[in-house]
Protein chains: 2
Amino acid sequence: MMSKRVGIREVAAAAGVSVTTVSHSLSGGGQLSDATRERVKSVAEGLNYAPNRLASGLRSKRSQIIGFVSDEISTTPYAGNVLLGAQEAAAANDQVLMVVNSNRNSKVEDRGIEALLQHRVDGIIYARMYHQAVELPAALSGIPTVLLDASSDRTDLSSVVPDEEGAARTAMAHLLQAGHRRIGYLGNIDDIPATRGRLAGYRAALAEQGIAYDESLVTASESMTGPGRDAASRLLALADRPTALFCFNDRIAMGAYQAAHLASLEIPRDLSIVSIDNFEVLADALLPGLTSIALPHYEMGRWAIERLAAELADDADSAPQQIQMPCPLVLRQSVGPPPR
Amino acid sequence: MMSKRVGIREVAAAAGVSVTTVSHSLSGGGQLSDATRERVKSVAEGLNYAPNRLASGLRSKRSQIIGFVSDEISTTPYAGNVLLGAQEAAAANDQVLMVVNSNRNSKVEDRGIEALLQHRVDGIIYARMYHQAVELPAALSGIPTVLLDASSDRTDLSSVVPDEEGAARTAMAHLLQAGHRRIGYLGNIDDIPATRGRLAGYRAALAEQGIAYDESLVTASESMTGPGRDAASRLLALADRPTALFCFNDRIAMGAYQAAHLASLEIPRDLSIVSIDNFEVLADALLPGLTSIALPHYEMGRWAIERLAAELADDADSAPQQIQMPCPLVLRQSVGPPPR
DNA sequence: CTGAAAGCGCTAACAC
DNA sequence: GTGTTAGCGCTTTCAG
């Protein structure tokens, strides 16, 4: 069972051909007859041959390794799915992921990138765990790179981010369609693209319906449960309180639930709530379930790898693309018609 | 700026020595005078030399890559920290992580492992995202491997898991110390090590205080918020209801909070709650904050890499170890003295 | 259509 | 102490 690792020459010997022919057969190169190609393949299979990627990478200048650089794999709970999407797409391309985490520290990041380059990664996915504007580290210049959940002002770089404004419009459309007209927005205060995008979507959706933007229905707080609760309480204390709340994210929405409880308002009978994140551990756990817009983490992960593969192959369509991905609505039980 | 990649021979030429001397200087081998060693190092630095790991790995049979195989990087939100711990420890050892995700599918897992082996990883961390008993895939026989958040019956394999019983004892000690005597346990129903360990800890803690085990105070439900809520409601409806609840995990604890609300019980005035996970998005968000036992994800990640490094170096202490890591209590506001 | 041979960039015997 | 040299296992011209 513990047989010695078989190499390309053993296969060649067994098949009665040269190593060249074996190499060509397995990697589809050269001009071989289908007959030999198949025969060699089956011999290799029978011998349980597996290539040494170190050797082939060294020679061919293709390691089949993609570097995955991210700011914080862990801290944020959504994180995982972008890695998962990337990893599955990579596997489909016969590539593998080498991951490095900067923990928001550029020295650590540079060391990580250096390690990836020493291992001769074919390209790099430069990822953020939530949508951010970034500047690409200098060490990456000249290396095929795609930005994931991150954008930059460089048009020569492909990137993918969620369509923030669209997400907000989708959320608002759902509320408007249920009949709501006084809709509050529990916004956030960070200086990130989502802040502008979601607020813009909120305003645009209102404008489309000819509903005037009412500043007193809009708050800005830290995007966590406690501050969200306070902000929601303020809106709910208004004489003419909103009948629905659109929340920047699920954590704020959880605060809104708590505020509703404190104000003895029942969801969705007295108050409807929609938010963004579809963070299941919260959205499913809240009572009633929270209707929320999902961010396309998995899909962005896949897209980034596929784009990178296209650019590495540079056959034709390798012009950089900057795209925004649509964000689907996930229905639960937090929206109903407005109270009358 | 786009200068050609410099190799060991350029360094040799620039320093006026042979490639051997350069190799020895940089990797601490051979018998060189400190003078040359330093000189070569600084020349290399000046030339911005960086080794090609593909080449050195091919020759030395050491890729400096560790394979990280896990069942689901993403689905569970705690996940990230074990990867983070592993990745940081690896970086400290000049190693890098190649990650592969099986998504609970053994065919996918086998393909992933095969890819790792083709890339000649030096060893493998076989990780689960929550404590489980596992059987090592056959493909891994003969490869240095350590189990992370997973255990097996093989004594020739190192492994690290949380001390489940200890975690439960810690939680209970906290409640007992606050004066509680009637403590309910909201358990789970999965057949996993945590199920037995935490229940055992609950019983042991009670026994130590001479408190009789009362079956009517123990429930078993799915470990999610909804079922937890129902289970908690049953206990709280008891004539002689418990004054405190120890919960299998934070999601169940969230259910307990909801049940308390429904029963008009205030936490911690009327009911104290402790649980396990310290899943911050919930524990911090709940009102009041949930006192919970943290699982040592980051630490287990580090430990696994360090153990693997020791076994790869096999200098001395390379005997396999199976350890259980302690789980610290994280205080918030959900525990108070029992109502009188 | 197939094979011989020259490296990819580095490490490790073994000489000097 | 330092240098020469033979590969690691594969891919890829270039001949036949």
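In what follows, chains carry the letters A, B, and so on, assigned in the order in which the sequence lines appear, proteins first and then strands, with residues in each chain numbered from 1.
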Give a yes or no answer on whether the side chain of A:Gln95 reaches the backbone of A:Ile66 with a donor-acceptor pair at less than 3.5 Å.
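Pair absent, no side-chain N/O of A:Gln95 close to backbone of A:Ile66.
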Quickly work out the [X] [atom1] to [N] [atom2] distance and round it to whole Å.
{"X": "A:Arg37", "N": "C:dC1", "atom1": "CZ", "atom2": "P", "result": "10 Å"}
{"X": "A:Leu54", "N": "D:dG7", "atom1": "CG", "atom2": "P", "result": "20 Å"}
{"X": "B:Leu26", "N": "C:dG9", "atom1": "CG", "atom2": "P", "result": "17 Å"}
{"X": "A:Leu47", "N": "D:dG9", "atom1": "CG", "atom2": "P", "result": "15 Å"}
{"X": "B:Lys61", "N": "D:dC10", "atom1": "NZ", "atom2": "C1'", "result": "12 Å"}
{"X": "B:Arg39", "N": "D:dG1", "atom1": "CZ", "atom2": "P", "result": "15 Å"}
{"X": "B:His24", "N": "C:dA12", "atom1": "NE2", "atom2": "P", "result": "7 Å"}
{"X": "B:Leu58", "N": "C:dC10", "atom1": "CG", "atom2": "P", "result": "12 Å"}

Nearest to the side chain of [X], heavy atoms from C-beta on, is which of [options]?
{"X": "B:Ile8", "options": "D:dT11, C:dC10, C:dA12", "answer": "C:dC10"}
{"X": "A:Ser56", "options": "C:dT11, D:dT2, D:dC10", "answer": "D:dC10"}
{"X": "A:Asn52", "options": "D:dT12, D:dC10, D:dG3", "answer": "D:dC10"}

Throw together a table of side-chain donor-acceptor distances under 3.5 angstrom for residues 120-128 of chain A, partners on residues two or more places apart or in other chains.
unit_1: A:Arg120; atom_1: NH1; unit_2: A:Leu117; atom_2: O; d: 2.9
unit_1: A:Asp122; atom_1: OD1; unit_2: A:Ser63; atom_2: N; d: 3.0
unit_1: A:Asp122; atom_1: OD1; unit_2: A:Ser63; atom_2: OG; d: 3.4
unit_1: A:Asp122; atom_1: OD2; unit_2: A:Gln64; atom_2: N; d: 2.7
unit_1: A:Tyr126; atom_1: OH; unit_2: A:Glu109; atom_2: OE1; d: 3.1
unit_1: A:Tyr126; atom_1: OH; unit_2: A:Glu109; atom_2: OE2; d: 2.9
unit_1: A:Tyr126; atom_1: OH; unit_2: A:Arg128; atom_2: NH2; d: 2.8

Any N or O donor-acceptor pair under 3.5 Å from the base of [N] to the side chain of [X]?
{"X": "B:Arg9", "N": "C:dG9", "value": "no"}
{"X": "A:Arg59", "N": "C:dG7", "value": "yes"}
{"X": "A:Thr20", "N": "C:dA4", "value": "yes"}

Using only side-chain N and O atoms of B:Ser23, determine if any of them is under 4.0 Å from OP1 or OP2 of C:dT11.
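Yes, within the criterion.
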Does the side chain of B:Tyr49 get closer than 4.0 angstrom to OP1 or OP2 of C:dC10 through an N or O atom?
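Yes, B:Tyr49 has a side-chain N/O under 4.0 Å of OP1/OP2 on C:dC10.
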Of the options B:Ile65, B:Leu58, B:Asp94, B:Val96, which is the one that meets B:Arg53 in a side chain to side chain contact (heavy atoms under 4.5 Å, CB included)?
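It is B:Asp94, the one option of B:Ile65, B:Leu58, B:Asp94, B:Val96 that forms the side chain to side chain contact (heavy atoms under 4.5 Å, CB included) with B:Arg53.
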Take B:Glu311 and B:Arg307 through the salt bridge (Lys or Arg N to Asp or Glu O under 4.0 Å) test and state the conclusion after the steps.
CA-CA 6 Å; B:Glu311 293 180 12; B:Arg307 192 84 263 291; 2.6 Å; yes
Can you work out whether B:Arg120 or B:Thr21 has the more 5'-proximal nearest nucleotide on DNA chain D?
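First, find each residue's nearest nucleotide; the 5'-ward one identifies B:Thr21.
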Contact between A:Tyr130 and A:Leu295 at the side-chain level, heavy atoms closer than 4.5 Å - yes or no?
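In short, these two side chains do not touch, never coming nearer than 4.5 Å.
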